[in-house]
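Structure, as structure tokens:
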Amino acid sequence: MSHIVVVGAGQAGASLVAKLRNEGFDGAITLIGEETAPPYQRPPLSKAYLLGDMELERLYLRPESYYADQSISLRLGAHVSAIDPAAKTLTVDAETLSYDELALTTGSTPRRLPAAIGGALDGVYVVRGLTDVDAMEPEFGEGKRVLIIGGGYIGLEAAAVAAKKGLNVTLVEMADRILQRVASPETSDYFRALHTAHGVNILEGTGLTRLIGDTRVTGAELSDGTTLEIDFALVGVGIAPATALAEAAGLTLDNGIMTDAHGRTSDAHIWAAGDCASFPYRDGRIRLESVPNAIDQAEIVAQNMLGKAVEYTAKPWFWSDQYDVKLQIAGLNTGYDRVVTRKGEKDGAVSFWYYGGQTLLAVDAANDPRAYMIGKRLIEAGKSPAPEVVANPATELKSLMSA
């Protein structure tokens with residue numbers, strides 16, 4: 001009987017083992033996770049869960065009993081220290097485990113502030129896992145002063161939760177504007193106005209020089225020379241693919257664990273999916289940090305482990321929830337040179353359409369699900385309505401699909 005081992009019990013790992021069983025694989029499956037909780041959703045951590053609107057069990061992707069029912073060995077709180085590709089074994093704690101096929105769904109790790117500038121002080125948190133959020137939750141008392149470092153989506157989502165819970169929120173972004181790495185100035189303007197209206201103090205073009213405190217953070221010195229008194233700090237300065245295990249095993253890395261279109265790494269019997277894996281996309285190679293990618297890529301890998309030879313064609317989409325705004329993003333805006341703004345049918349609804357020349361690349365839709373769905377379908381179909389047509393308020397969005 002063959003044995004498939006999956007290292008990483010997040011969204012990708014859970015999707016992969018479920019797909020293996022759904023595809024009829026009846027061999028042994030072992031899913032290994034470092035966390036003690038069964039596989040769970042990460043996006044609600046910085047939103048509904050932190051707000052107290054979602055209970056722990058609702059985070060779980062499946063009831064823990066599912067894995068036993070499907071004869072999947074779920075090993076939680078376990079650490080994989082080494083892989084031996086030649087012997088087709090891995091070291092799990094003090095045990096050597098053999099595999100026939102191995103999948104790495106190790107995800108990503110949050111970037112932390114250096115200890116030299118206060119990153120190791122008590123009261124300094126990152127938003128990544130369940131233990132991170134459980135540790136910081138008691139800090140979210142009304143009137144507390146929080147400094148959020150980083151104006152990407154994680155930082156902004158945390159700012160929204162803090163503001164809704166009545167905290168005094170200051171957010172610093174070293175770049176010229178929030179969301180600069182991932183969105184247009186128009187989208188940045190929209191969310192700056194949204195947060196400012198909820199009392200968040202956003203300081204753009206302002207870096208953190210150091211956090212102040214003996215053992216616990218009590219303040220922050222900013223790059224403009226000002227000093228803030230704070231009760232705690234949240235760090236949202238990005239994530240890095242978790243590749244240490246793959247690198248030590250001699251696998252090829254390229255912005256993550258390099259895979260081919262089937263999800264296979266440079267070793268014929270090792271596969272990778274999710275945040276940790278890069279893959280061919282159009283004329284290049286990308287790595288996507290999103291739930292849809294983790295699910296879709298993992299399911300393709302499961303099929304290919306069973307000999308299906310299916311190529312993964314990514315259809316990127318993302319979302320972010322802040323206050324009463326749901327942002328939905330279709331496509332990738334890399335290389336855009338023009339943005340068309342289109343108001344939605346409901347008050348406050350708006351969408352931003354990214355073009356590279358005459359080619360539609362992506363759509364950011366805020367509280368405008370119709371614009372998101374139509375934009376997504378257009379992008380996936382390779383259709384690009386003229387920017388002037390999209391910009392015209394008289395244009396019925398539905399008509400764009402038949403143009």
*Phe279 and Tyr312: aromatic ring centres closer than 6.0 Å?*
yes

*Between Ser98 and His3, do the side chains contain an N or O donor and an N or O acceptor separated by less than 3.5 Å?*
no

*If only atom types and distance count, is the side chain of Arg42 paired as donor or acceptor with the main-chain N or O of Arg128 below 3.5 Å?*
yes

*Is there a donor-acceptor pair under 3.5 Å between the side chain of Asn304 and the backbone N or O of Val310?*
yes

*Might you point out which heavy atoms bring Gly331 and Ala362 nearest each other, and give the distance in Å?*
C-CB, 3.8 Å

*Report the C-alpha distance between Phe352 and Tyr190 in whole Å, list the side-chain angles of each, state the deciding distance to 0.1 Å, and finish with yes or no for side-chain contact (heavy atoms from CB on, under 4.5 Å).*
CA-CA 10 Å; Phe352 306 105; Tyr190 179 92; 4.2 Å; yes

*Decide yes or no for Lys308 and Glu23: does some side-chain heavy atom of the first lie under 4.5 Å from some side-chain heavy atom of the second?*
yes

_For the residue pair Asp267 / Thr265, report whether a side-chain donor-acceptor contact shorter than 3.5 Å exists._
no

*Will you find, in the side chains of Ser46 and Glu157, an N or O donor that is under 3.5 Å from an N or O acceptor?*
yes

_Residue pair Gln41 / Tyr49, side-chain donor-acceptor N/O under 3.5 Å_ = no

*Is it true that Glu142 and Lys144 make a salt bridge, defined as a side-chain N closer than 4.0 Å to a carboxylate O?*
no

*asked:* Would Arg177 and Glu204 count as a salt bridge (charged side-chain N to carboxylate O under 4.0 Å, His left out) here? Give the steps.
replied: CA-CA 5 Å; Arg177 58 181 174 86; Glu204 295 166 303; over 6 Å; no

_Side-chain donor or acceptor of Ser184 paired with backbone N/O of Thr187 under 3.5 Å_ = yes

_Gap separating the CH2 atom of Trp317 from the CE atom of Met373, nearest 0.5 angstrom_ = 9.5 Å

*Distance from Ser384 atom OG to Leu361 atom CG, nearest 0.5 Å?*
7.5 Å

*For Tyr336 and Trp353, indicate whether the former's side chain and the latter's backbone hold a donor-acceptor pair under 3.5 Å.*
no

*Under a 4.5 Å cut-off applied to non-hydrogen side-chain atoms, are Leu104 and Ile83 in contact?*
yes

*Leu222 backbone acceptor or donor facing Arg210 side chain under 3.5 Å*: no

*Are side-chain N/O atoms of Thr89 and Asp84 paired as donor and acceptor at under 3.5 Å?*
no

*Thr341 and side chain to side chain contact (heavy atoms under 4.5 Å, CB included): which partner among Asp189, Val350, Val390?*
Val350

*Measure from the side-chain N and O atoms of Glu139 to the backbone N and O of Ala233, and report whether any donor-acceptor pair falls under 3.5 Å.*
no

*Which is it for Glu64 and Leu76 under the side-chain contact (heavy atoms from CB on, under 4.5 Å) test, yes or no, and what are the steps along the way?*
CA-CA 11 Å; Glu64 193 166 359; Leu76 300 174; 4.0 Å; yes

*Do you know which of Asn201, Leu156, Leu203 makes side chain to side chain contact (heavy atoms under 4.5 Å, CB included) with Leu171?*
Leu156

_4.5 Å side-chain heavy-atom contact, Ile230 and Val217_ = yes

*Nearest heavy atoms of Val237 and Gly150, plus distance in Å*: CG1-CA, 4.5 Å

*asked:* Could you check whether any side-chain N or O of Ser278 sits under 3.5 Å from a backbone N or O of Asp254, counting only pairs where one atom can act as donor and the other as acceptor?
replied: yes

*Enclosure of Glu137 CD (heavy-atom neighbours >12, cutoff 6.0 Å)*: yes

_Student check: side-chain heavy atoms of Gln303 and Ile300 closer than 4.5 Å_ = yes

*Do Ile379 and Lys376 come within less than 4.5 Å of each other through their side chains, counting heavy atoms only?*
no

*salt bridge (charged side-chain N to carboxylate O under 4.0 Å, His left out) assessment of Arg75 paired with Glu95*: CA-CA 12 Å; Arg75 300 184 56 164; Glu95 179 187 354; 2.9 Å; yes

*Under 4.5 Å between any side-chain heavy atoms of Leu360 and Tyr354, yes or no?*
no

*To the nearest 0.5 Å, how far apart are OG in Ser15 and CG in Leu61?*
7.0 Å

_Please determine whether side-chain contact (heavy atoms from CB on, under 4.5 Å) holds for the pair Leu211 and Ile117, giving the CA-CA distance in whole Å, both sets of side-chain angles, and the decisive distance to 0.1 Å._
CA-CA 6 Å; Leu211 295 173; Ile117 64 168; over 6 Å; no

*Can you see which heavy atom on Pro110 is nearest to which on Ile239, and at what distance?*
CA-CG2, 3.9 Å

*For atom CE of Met54, is the number of surrounding heavy atoms from other residues, nucleotides or ligands below 6.0 Å larger than 12?*
yes

*Any side-chain heavy atom of Leu194 sitting closer than 4.5 Å to one from Tyr323?*
yes

*Does the side chain of Asn255 come within less than 4.5 Å of Arg285's, by heavy atoms?*
no

*Lys326 bridged to Asp321 by N-O distance under 4.0 Å*: yes

_Contact summary for Ala272 and Ile257, nearest pair of heavy atoms_ = CB-CG2, 4.0 Å

*Would you say Arg145 has more than 12 foreign heavy atoms packed within less than 6.0 Å of its CZ?*
yes

*Quick check: does any side chain N or O of Thr96 sit under 3.5 Å from a backbone N or O of Thr91, one acting as donor and the other as acceptor?*
no

*Step by step, work out the side-chain contact (heavy atoms from CB on, under 4.5 Å) result for Asp364 and Leu327.*
CA-CA 7 Å; Asp364 294 347; Leu327 174 69; 4.0 Å; yes

*Mind checking whether Phe232 and Phe140 have ring centres under 6.0 Å apart?*
yes

_Gln70 side chain vs Ile72 backbone, donor-acceptor pair below 3.5 Å_ = no

*Any idea which heavy atoms bring Ile178 and Phe191 closest together, and the distance?*
CD1-C, 4.1 Å

*Rounded to the nearest 0.5 Å, how far does OH of Tyr60 lie from CD of Glu55?*
11.5 Å

*Any side-chain donor paired with an acceptor under 3.5 Å for Asp275 and Ser108?*
yes

*Do the side chain of Asp93 and the main chain of His79 share a donor and acceptor less than 3.5 angstrom apart?*
yes

*What's the spacing between Glu101 CD and Phe25 CZ if we round to 0.5 Å?*
9.0 Å

_Can you confirm whether Glu57 is buried at CD, in the sense that more than 12 heavy atoms of other residues, nucleotides or ligands lie under 6.0 Å from that atom?_
yes

*Identify the two heavy atoms, one from Tyr67 and one from Pro39, that lie closest to each other, and give their separation to 0.1 Å.*
OH-CG, 3.4 Å

*Should Glu388 and Arg338 be marked as a salt bridge (charged side-chain N to carboxylate O under 4.0 Å, His left out) after you check the CA-CA gap, both sets of side-chain angles, and the distance that decides it?*
CA-CA 11 Å; Glu388 296 77 13; Arg338 179 177 181 180; 3.3 Å; yes

*For atom CG of Asp214, decide whether the heavy atoms of other residues, nucleotides or ligands shown that lie under 6.0 angstrom number more than 12.*
no

*Measure the spacing between CG of Leu234 and CE of Met136 and express it to the nearest 0.5 Å.*
5.0 Å

